[in-house]
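Note sheet for the following structure.
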Amino acid sequence: MNLRSVITLAAGLGLVLTACGGGETNAAASDSTRAGDASATLTGAGSTFIYPILSRWTSDYAERTGVRVNYASLGSGAGIRQLSERTVDFGATDAPMTAEEMAAAKGGAVLHVPMVLGADVVIYNLPAVAQPLQLTGDVIADIFLGRITKWNDARVAATNPGVALPAEDIIVVHRTDGSGTTYIFTDYLASVSPQWANGPGRGKQVNWPVGLGAKGNEGVSAQVKQTPGAIGYTELAYATQNGLPVAAVRNQAGNFVAPTTETIQNAAAGALSDPSDSTDFRISIVNPPGPQAYPIASMTWILLYRNQTDATKARQLLDFLRWTLTEGGDEAAALDYAPLPEPVVQRVLQRLDSVQVAGVR
């Protein structure tokens, strides 16, 4: 089954990803991976945002090393909870943990390891509209606030001259689970709309004023795809794999920009340019400056404890993360993600060197 089929068939479900490989380790595997380690299994849970690229990575890594990685795609909130309870070896999130969440983690200090850059996109279902819509941040906010209710509203028409917008109701679709994708989207809306900032605000879960709820990026994509007149938000790979149109969004420079590998990297360029920020990558890159920066972009993080208790699993997890950072970036663009800039990769690798086992590096 290919990735398109996995994403489509998994709509609305919590996906469980299992990467299984053969017993041989080829030359591409890390020198620290031993044949005897292949029977150990790493477990992770969290972000659906990262699932498409993580699926590819774990499959390829299993073929190279025989190391098995099980990942439950349940949403960032679940990933944070399960890491905090120490029921998984690693979590994944698109919303950085709060100070309160980090203090409550049972395994001590948590590292946020950025793996790749991605984009939240505004998806919609308007079969009669052939060209991509152009939307501004304030219009998107007012649609999700329930203030704009028709597709042919004057404010939507103003940025789409010549487009025959239907006089249909707008049907909002949003996430119901604790979601990093929701955090990115609401972080953006709060940064461009005072009404949103004072209302639902930003968070992994918010009180949505209107709309239908769905679980996971899979569920939102499926709901929008089957509902004419619907609008929602999802990670770019899910829009692409489901054949859903994506709006160009006006950025801080006043340009309507579509999400691409290049425009996502442009969004991160300024925020990740400070080498002094080597100890904490918990930063937002929404609504950045730059004429060709896509405004709803984010890093996505793997979460792990700085002090590990199982030496074998710690080595396997670190080997896997180092491999994804040094070799996995080549696969990112094919799945609509953007790899981290090389200087940032080097800083992240240095951060992984701080991981300890029972207090010893």
Side-chain angles (χ1 to χ4, degrees), residues 11-12 48-49 75-77 94-95 119-129 132-160 163 165-236 238-239 242-250 256 259 286-287 295-296 298:
T48 63
F49 186 101
S76 295
D94 325 305
D120 267 19
V121 297
V122 178
I123 54 176
Y124 55 91
N125 184 342
L126 292 176
V129 177
L133 292 181
Q134 298 186 146
L135 297 174
T136 63
D138 61 315
V139 165
I140 297 170
D142 280 354
I143 288 173
F144 281 81
L145 285 168
R147 296 182 175 187
I148 295 176
T149 60
K150 295 286 187 180
W151 278 110
N152 64 346
D153 185 277
R155 292 172 62 195
V156 180
T159 57
N160 294 278
V163 178
L165 295 167
E168 294 181 21
D169 290 338
I170 297 175
I171 301 171
V172 169
V173 181
H174 58 74
R175 291 281 288 271
T176 56
D177 51 323
S179 158
T181 307
T182 294
Y183 179 86
I184 298 164
F185 189 62
T186 58
D187 185 28
Y188 168 71
L189 294 183
S191 72
V192 297
S193 167
Q195 291 79 12
W196 189 275
N198 293 328
R202 53 173 60 83
K204 294 186 289 292
Q205 286 182 301
V206 298
N207 292 322
W208 296 96
V210 294
L212 305 174
K215 184 177 181 180
N217 277 292
E218 309 88 354
V220 171
S221 301
Q223 186 68 59
V224 171
K225 189 171 185 176
Q226 69 189 20
T227 309
I231 188 171
Y233 61 95
T234 190
E235 197 278 324
L236 177 58
Y238 292 86
N242 283 283
L244 289 164
V246 170
V249 181
R250 190 169 67 188
F256 288 97
V286 301
N287 197 33
I296 324 179
S298 178

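Sequence positions, counted from 1, serve as the residue numbers for this chain.
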- K204/D177 salt bridge by N-O under 4.0 Å criterion: no
Short side-chain to backbone donor-acceptor contact, K225 and N242, under 3.5 Å
yes
- Message: Which label fits W208 and F144: parallel for a plane angle under 30°, tilted from 30 to 60°, or perpendicular past 60°?
- Response: tilted
Fill in: Working for side chain to side chain contact (heavy atoms under 4.5 Å, CB included), residues I148 and V139
CA-CA 8 Å; I148 295 176; V139 165; 4.0 Å; yes
Note, P200 side chain near N207 side chain (heavy atom, < 4.5 Å) | no
Of all heavy-atom pairs linking Q134 and F256, the shortest is CB-CD2, 3.5 Å
Please confirm whether the backbone N or O of D142 pairs with a side-chain atom of Q195, one donor and one acceptor, at under 3.5 Å? no
Step by step, work out the side chain to side chain contact (heavy atoms under 4.5 Å, CB included) result for Y233 and T182.
CA-CA 8 Å; Y233 61 95; T182 294; 2.6 Å; yes
Centroid-centroid under 6.0 Å between Y238 and F49 rings: no
Practice problem: For S221 and A239, indicate whether the former's side chain and the latter's backbone hold a donor-acceptor pair under 3.5 Å. | Solution: no
Backbone of Y183 reached by a side-chain donor or acceptor of D187 within 3.5 Å: no
Could you check whether any side-chain N or O of S76 sits under 3.5 Å from a backbone N or O of G180, counting only pairs where one atom can act as donor and the other as acceptor?
yes
Practice item. Would you indicate whether the side-chain heavy atoms of I140 and L189 approach each other to under 4.5 Å? Key: yes
- Can any side-chain N or O of Y124 pair as donor or acceptor with the backbone N or O of L133 at less than 3.5 Å? yes
### Message
Tell me if a side-chain donor or acceptor on D153 pairs with a main-chain N or O of T149 at a distance below 3.5 Å.
### Response
no
Checklist entry - So, N217 side chain and E235 main chain: donor-acceptor pair closer than 3.5 Å or not? => result yes
task = Verify side chain to side chain contact (heavy atoms under 4.5 Å, CB included) between T234 and D120, making sure each step is shown before the conclusion.
result = CA-CA 5 Å; T234 190; D120 267 19; over 6 Å; no
Discussion item. For L165, is there any backbone N or O sitting under 3.5 Å from a side-chain donor or acceptor partner on N152?
Written reply: no
task: Answer yes or no: is there a donor N or O on one side and an acceptor on the other, between the side chain of S193 and the main chain of W196, under 3.5 Å?
output: yes
Exercise. Check the pair V172, L212 against side chain to side chain contact (heavy atoms under 4.5 Å, CB included), reporting the backbone distance first and the verdict last.
Key: CA-CA 6 Å; V172 169; L212 305 174; over 6 Å; no
